[in-house]
Protein chains: 2
Amino acid sequence: MEEDLSKPRNPTPAELEILRALWKSPGSTVRELMESSTGKPQGYTTLLKMLQIMHEKGLVERQEDGKAHRYSAASGQSETRTGLVTDLINRAFEGAAKTLVMHALAAKRPSREELAEIRKMLEMYEERTEEEPK
Amino acid sequence: MEEDLSKPRNPTPAELEILRALWKSPGSTVRELMESSTGKPQGYTTLLKMLQIMHEKGLVERQEDGKAHRYSAASGQSETRTGLVTDLINRAFEGAAKTLVMHALAAKRPSREELAEIRKMLEMYEERTEEEPK
DNA sequence: TCCGTTCTACGAAGAGTTTCGTATATTGTA
DNA sequence: TACAATATACGAAACTCTTCGTAGAACGGA
């Protein structure tokens, strides 16, 4: 099968786990990621192999540092999150963000403060949507 | 590996596609699903095999109808959606529904009407959250 | 220089997902 | 009854994801 290098695909669960660590500590070596890992313990070569594959896929960038490599996420956390949400909205919510939002609220019951923040964002979008009727 | 039949796992992408058809037309036969399929064309036995596997996993129920089987989703659309959203919130948003909601709005720009509906839901949750401070 | 440490590279195994070919049973009809 | 159509069951191939063992290169200290 061909590889599509034009746009980065959404990360798999294990890849996302690694990206989370890289967003927190960009420019980490494999060893550093190993030692700061909080998830389930992985072998060193397992993590290395994942990073090699992610590099082939274009999910991470790396630079040499002595004999080791330092890895960073190729896309920002926000972009990646948007990609994941978009995929889920399309696959499970027929493209309707509204429906996903309703289920998110039902699933996680945000605190009063969080609800207020969401409402603030919402009002911002309401104003903006009025101006651009596309 | 052991099978966990206690709670239904989240469906895979191909499984979700089938579930969407079953929520729309419960009690469908394989042939009916084949013919009403809008996605990419699948072979008959491919779809049949998927349904057999989903039956083993407990994702669908089936009843005999003559020599054929009629399939229905084992869980409702809403439950399944909540499961998928919960998984994504945990894996990519550190458990914060608020952050996912913000990205969903950014990704799909809901219409003015949808925004108003979301805000209405939000206000409902704000009231309820006030009453139950857990 | 030699040895131990630490790194990358490579290959492959195991699990899960998705696809489909083939075999077999059942039904309805001429 | 015999045939054609249509159904399920079964097994395996192709693909992806995840894990890790082994090999070999590079570095630093005794």
Side-chain angles (χ1 to χ4, degrees), chain A residues 1-5 8-22 27-37 39-72 80 84 87 91-92, chain B residues 1-5 8-22 27-37 39-72 80 84 87 91-92:
Chain A
M1 186 58 76
E2 289 293 316
E3 286 294 324
D4 183 6
L5 302 177
R9 271 174 303 179
N10 282 330
T12 64
E15 288 169 350
L16 181 59
E17 198 69 26
I18 292 171
L19 287 176
R20 288 172 58 186
L22 287 178
S28 293
T29 63
V30 179
R31 174 92 25 215
E32 288 165 357
L33 288 174
M34 262 292 273
E35 285 164 357
S36 68
S37 162
K40 72 173 171 184
Q42 280 173 309
Y44 180 93
T45 55
T46 299
L47 183 54
L48 171 64
K49 182 65 166 182
M50 287 298 303
L51 284 162
Q52 287 172 346
I53 291 174
M54 291 168 76
H55 184 244
E56 288 173 13
K57 290 183 180 176
L59 288 172
V60 299
E61 292 163 353
R62 72 185 186 188
Q63 61 187 134
E64 311 229 345
D65 178 20
K67 69 175 169 177
H69 287 154
R70 296 201 161 273
Y71 290 89
S72 299
T80 303
L84 289 166
D87 176 62
R91 288 193 302 106
Chain B
M1 185 59 75
E2 288 293 317
E3 286 295 322
D4 183 6
L5 303 177
R9 271 176 303 178
N10 282 331
T12 64
E15 287 169 350
L16 181 58
E17 198 68 26
I18 292 171
L19 287 176
R20 287 172 60 187
L22 288 178
S28 293
T29 62
V30 180
R31 174 101 12 223
E32 287 164 357
L33 289 174
M34 262 290 274
E35 286 164 356
S36 68
S37 163
K40 72 173 172 186
Q42 280 174 308
Y44 180 92
T45 55
T46 299
L47 182 53
L48 170 65
K49 182 65 165 181
M50 287 298 302
L51 284 162
Q52 287 171 346
I53 291 174
M54 291 169 77
H55 185 243
E56 287 174 13
K57 290 183 180 177
L59 288 172
V60 300
E61 293 162 352
R62 72 184 186 188
Q63 61 186 136
E64 311 229 344
D65 178 21
K67 69 175 168 177
H69 287 154
R70 296 200 161 273
Y71 290 89
S72 299
T80 303
L84 289 167
D87 176 61
R91 288 194 300 107

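Owing to the predicted nature of the structure, the values given are computational and were not obtained by experimental measurement. Throughout, protein chains are lettered first and strands after them, A, B, ... in sequence-line order, and every chain is numbered starting at 1.
- With rounding to whole Å, A/E35 atom CD is found 12 Å from C/dT6 atom C1'.
- The phosphate of C/dT8 (OP1 or OP2) has a side-chain N or O of A/Y44 nearer than 4.0 angstrom.
- Of the candidate nucleotides C/dT18, C/dC7, C/dC20, C/dT18 has the atom nearest to the side chain of B/I53.
- Applying the 4.0 Å criterion to OP1 and OP2 of C/dT6, one finds that A/R31 has every side-chain N and O outside that range.
- Judged by closest nucleotide on DNA chain D, A/P41 is the one of A/G66 and A/P41 placed further toward the 5' end.
- A/N10 places none of its side-chain heavy atoms less than 4.5 Å from the side chain of A/L16.
- The minimum heavy-atom distance between A/L47 and A/V30, with the atom names listed, is CD2-O, 3.7 Å.
- If you measure from atom CD of A/E64 to atom P of D/dC27, you get 11 Å, rounded to the nearest angstrom.
- Note: CG (B/L47) to C1' (C/dG21) measures 16 Å, nearest angstrom.
- A/R62 has no side-chain polar atom (N or O) that falls below the 4.0 Å cut-off from OP1 or OP2 of C/dC7.
- Rounded to a whole Å, the CZ atom of B/R9 is 11 Å from the C1' atom of C/dT17.
- Taking only side-chain atoms of B/T45, from C-beta outward, the nucleotide of D/dA9, D/dT18, D/dA7 with the closest atom is D/dA9.
- Of all non-hydrogen atoms in B/E15 and B/M54, the two that sit nearest each other are O-CE, 3.6 Å.
- At C/dC20, one or more side-chain N or O atoms of B/T46 fall inside 4.0 Å of OP1 or OP2 (strictly under the cut-off).
- Side chains of A/L51 and A/L22 form a contact here, defined as non-hydrogen atoms less than 4.5 Å apart.
- The residue among B/T29 and A/Q42 whose nearest nucleotide of DNA chain D lies closer to the 5′ end is B/T29.
- Taking atom CE on B/M54 and atom C1' on C/dG16, their separation rounds to 15 Å, with Å as the unit.
- The minimum heavy-atom distance linking A/G27 with A/S72 is given by the pair N-OG, 3.0 Å.
- Across the protein-nucleic acid pair, A/K67 atom NZ and C/dT5 atom P stand 12 Å apart, rounded to whole Å.
- If you measure from atom CD of B/E17 to atom P of C/dT17, you get 16 Å, rounded to the nearest angstrom.
- Atom pair A/H69:NE2 and D/dA25:P shows a separation of 16 Å (rounding to whole Å applied).
- As judged by a 4.0 angstrom heavy-atom cut-off over every strand, B/Q52 is placed among the base-contacting residues.
- Each of B/K40 and A/R70 was assigned the nucleotide of DNA chain C with the nearest heavy atom; the assignment lying further toward the 5' end belongs to A/R70.
- Residue contacts for A/T12: at a heavy-atom cut-off of 4.0 Å it reaches the sugar-phosphate backbone alone, with no base atom in range.
- At D/dG21, none of the side-chain N or O atoms of A/K49 fall inside 4.0 Å of OP1 or OP2 (strictly under the cut-off).
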